[in-house]
Enquirer: 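Here it is: the structure, laid out below.
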Amino acid sequence: MRIALGQIPVSSRPEVNAKRVGLALVQAADQGADLAVFPEATQIRFGCDLRAAAEPLDGPFCSGLASAAKETAVALVAGVFEPAPDGRVYNTAVAYDGAGELVASYRKLHLFDAFGHRESDQVAPGSVPVICTLAGVRTGLEICYDVRFGELSRALAVAGAELLVLPAAWAAGLFKEEHWVTLVRARAIENTVWVAAVGQVPDPGEPPTRAATGIGRSMLVDPLGVVRADLGPGPGMAVAEVDEDLIGTVRATVPSLANRREDVFGAQAAAEGS
């Protein structure tokens with residue numbers, strides 16, 4: 001399977017972001033990609049009125065994502081906002097197959113109430129880990145801050161995920177980039193899976209904000225923790241190969257999943273599959 005990392009700047013205008021996704025999908029298709037991954041909050045950047053922007057999954061923005069996936073025959077994962085019942089929103093990753101069908105949606109479990117940010121003021125937490133099949137590969141969905149919680153990645157791997165997809169808008173800060181790179185690689189190594197982590201970069205046409213606008217550093221990491229692609233700090237896209245057979249090869253040598261002690265630590269929580 002060939003995967004595209006779509007490291008795009010995210011605007012305060014959803015129509016601009018929709019156009020950027022569409023153009024990136026055409027480029028991804030031209031390079032033979034089967035799946036393209038875009039950042040957290042692809043719909044609209046943080047620092048905007050998320051409640052006003054939030055739409056149901058059959059709203060205009062997601063319908064546009066579905067159409068773009070169908071037109072290019074490239075599956076995609078991207079970040080959007082849904083209305084939540086309590087007046088907040090859900091920070092959601094949606095996954096469409098190459099026919100434009102919604103395969104799965106995952107609501108962010110761990111909200112970024114850290115480093116002086118309070119995501120929970122506007123965002124309601126999800127409650128269920130999600131795994132689905134994209135371009136023939138069992139794929140677990142995570143969002144940004146989730147990467148700091150190893151139990152989620154482990155639950156997805158135990159449920160059969162071969163690839164973890166991680167849209168993000170990783171906030172800048174002291175040692176934050178080092179945390180990002182270390183955590184993404186660690187999730188791949190400890191679970192012997194591929195990880196595609198895709199972040200925003202700031203939009204130069206937008207005014208500065210204290211909200212997270214991303215540091216870039218989108219990466220594809222293999223089951224041994226080797227970084228196969230790294231997009232650095234600027235806008236861009238990379239297409240690289242995900243070799244599912246490598247997982248079996250690595251696990252034959254490093255059977256860390258098989259050697260887990262459920263008798264000591266208990267079984268992992270179930271993931272919702274599709």
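The model shown is predicted, which means the values in this text are computed figures rather than measured ones. All residue numbers refer to positions in the sequence shown, counting from 1.
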Enquirer: Identify the heavy atoms of V201 and P233 that sit nearest to each other, and give their distance.
Expert: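 Looking at all heavy atoms of both residues, the closest pair is CG1-O, 3.3 Å.
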Enquirer: For a side chain to side chain contact (heavy atoms under 4.5 Å, CB included) with L163, tell me which candidate from V195, T139, L134 qualifies.
Expert: T139
Enquirer: With a sphere of 6.0 Å drawn around CZ of R13, does it hold more than 12 non-hydrogen atoms of other residues, nucleotides or ligands?
Expert: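 Open: at most 12 neighbouring heavy atoms sit under 6.0 Å from CZ of R13.
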Enquirer: Does R20 pair with D203 as a salt bridge, N-O distance under 4.0 Å?
Expert: yes
Enquirer: Return yes if some donor-acceptor pair links the side-chain N/O of D97 with the main-chain N/O of V103 below 3.5 Å, else return no.
Expert: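 Looks like no, no N/O pair under 3.5 Å.
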Enquirer: For residues E55 and P60, determine if any side-chain heavy atom of one lies less than 4.5 Å from a side-chain heavy atom of the other.
Expert: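 Result yes, sub-4.5 Å side-chain heavy-atom pair found.
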Enquirer: Among the clusters formed by ILVMFWY side chains lying less than 4.5 Å apart, do L220 and I8 turn up in the same one?
Expert: no
Enquirer: Under the rule for side-chain contact (heavy atoms from CB on, under 4.5 Å), what residues qualify as partners of F265, not counting sequence neighbours?
Expert: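 For F265, the residues satisfying side-chain contact (heavy atoms from CB on, under 4.5 Å) (neighbours in sequence not counted) are R261.
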Enquirer: Same cluster for I247 and V221 if Ile/Leu/Val/Met/Phe/Trp/Tyr side chains link at under 4.5 Å?
Expert: yes
Enquirer: With sequence neighbours left out, which residue pairs that include part of residues 138-166 fulfil the salt bridge (charged side-chain N to carboxylate O under 4.0 Å, His left out) condition?
Expert: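 Salt bridge (charged side-chain N to carboxylate O under 4.0 Å, His left out) check on residues 138-166 returns no pairs.
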Enquirer: So do V147 and W170 actually touch side chain to side chain, heavy atoms under 4.5 Å?
Expert: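 W170 vs V147: side chains touch.
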Enquirer: Quick check on the hydrophobic clustering: are L109 and V89 connected, directly or via other members, by side-chain heavy-atom contacts under 4.5 Å?
Expert: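 L109 does not cluster with V89.
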Enquirer: Considering all heavy atoms of both residues, which atom of V193 and which atom of A161 are nearest to each other, and what is their separation?
Expert: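 The answer is CG1-O, 3.3 Å.
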Enquirer: Determine yes or no for a side-chain-to-main-chain donor-acceptor pair under 3.5 angstrom, with D34 supplying the side chain and R2 the backbone.
Expert: yes
Enquirer: Establish, yes or no, whether a centroid distance under 6.0 Å links the rings of H117 and F112.
Expert: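 Yes, ring centres under 6.0 Å apart.
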Enquirer: Please check: side-chain N/O of T182 versus main-chain N/O of H179, any donor-acceptor pairing under 3.5 Å?
Expert: no
Enquirer: Indicate the atoms forming the closest heavy-atom contact of V123 with R88, along with that distance.
Expert: O-NH1, 3.3 Å
Enquirer: Tell me if a side-chain donor or acceptor on R51 pairs with a main-chain N or O of G87 at a distance below 3.5 Å.
Expert: yes
Enquirer: Should I215 and Y145 be counted in the same cluster of Ile, Leu, Val, Met, Phe, Trp and Tyr side chains packed under 4.5 Å apart?
Expert: no
Enquirer: Keeping E40 on the side-chain end and A169 on the backbone end, is there a donor-acceptor pair under 3.5 Å?
Expert: yes
Enquirer: At their closest point, which heavy atom of V239 faces which heavy atom of A4, and how far apart are they?
Expert: CG2-CB, 3.8 Å
Enquirer: I need the F38 CZ to Q7 CD distance, nearest 0.5 Å.
Expert: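 Rounded to the nearest 0.5 Å, the CZ-CD separation comes to 12.0 Å.
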Enquirer: With a 4.5 Å limit on heavy-atom distance, are the side chains of N191 and L257 in contact?
Expert: yes
Enquirer: Check for a donor-acceptor pair, side chain of R187 on one end and backbone N or O of V184 on the other, with a separation under 3.5 Å.
Expert: no
Enquirer: I'd like to know if the side chain of D222 reaches the main chain of W194, judged simply by a donor and an acceptor atom lying under 3.5 Å from each other, with no hydrogens or angles considered.
Expert: no
Enquirer: Provide the closest heavy-atom pair for R260 versus E262 in the form atom of the first, atom of the second, distance.
Expert: NH1-OE2, 3.0 Å
Enquirer: Looking at every non-hydrogen atom in both residues, tell me the closest pair between I44 and F81 and how far apart they are.
Expert: O-CE1, 3.6 Å
Enquirer: Nearest 0.5 Å please: distance from the CD atom of E190 over to the CZ atom of R185.
Expert: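 Answer rounded to 0.5 Å: 13.0 Å.
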Enquirer: Are I3 and L224 linked, directly or through other ILVMFWY residues, by side chains that come within less than 4.5 angstrom of each other?
Expert: yes
Enquirer: If you measure from CG on D243 to CE on M1, what distance do you get to the nearest 0.5 Å?
Expert: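 Rounded to the nearest 0.5 Å, the CG-CE separation comes to 11.0 Å.
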Enquirer: So, do T42 and P167 sit near enough that their side-chain heavy atoms are less than 4.5 Å apart?
Expert: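 Contact flag for T42/P167 side chains = no.
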Enquirer: From Y90 OH over to L57 CG, what is the distance, rounded to the nearest 0.5 angstrom?
Expert: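 Interatomic distance, Y90 OH to L57 CG, rounded to 0.5 Å: 11.5 Å.
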Enquirer: Given Y106 and C132, is the side-chain contact (heavy atoms from CB on, under 4.5 Å) satisfied, shown in steps?
Expert: CA-CA 10 Å; Y106 162 70; C132 62; over 6 Å; no
Enquirer: Can any side-chain N or O of T72 pair as donor or acceptor with the backbone N or O of V26 at less than 3.5 Å?
Expert: no
Enquirer: To the nearest 0.5 Å, what is the distance between CZ on R251 and CG on L246?
Expert: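 Rounded to the nearest 0.5 Å, the CZ-CG separation comes to 10.5 Å.
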Enquirer: Looking at N17 and V10, would you say the former's side chain and the latter's main chain have a donor-acceptor pair under 3.5 Å?
Expert: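 No; zero donor-acceptor contacts below 3.5 Å.
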Enquirer: With a sphere of 6.0 Å drawn around NZ of K176, does it hold more than 12 non-hydrogen atoms of other residues, nucleotides or ligands?
Expert: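 Yes, because the 6.0 Å sphere around NZ of K176 holds more than 12 heavy atoms from other groups.
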Enquirer: Would Q268 and L152 satisfy side-chain contact (heavy atoms from CB on, under 4.5 Å), going step by step from the backbone distance to the final call?
Expert: CA-CA 9 Å; Q268 293 295 315; L152 174 56; over 6 Å; no
Enquirer: For a side-chain hydrogen bond (donor to acceptor under 3.5 Å, both in side chains) check, start with the C-alpha distance between T213 and R45, then their side-chain angles and the critical distance, and finish with the verdict.
Expert: CA-CA 7 Å; T213 55; R45 76 172 191 161; 5.6 Å; no
Enquirer: For the CD atom of Q200 and the SG atom of C144, what is their distance to the nearest 0.5 Å?
Expert: 9.0 Å
Enquirer: Is the side chain of E119 donor-acceptor paired with the backbone N or O of L111 at a distance under 3.5 Å, no angle test?
Expert: no
Enquirer: Going through the checks in order, is the side-chain hydrogen bond (donor to acceptor under 3.5 Å, both in side chains) test met by E206 and S11?
Expert: CA-CA 7 Å; E206 296 278 351; S11 168; 3.0 Å; yes
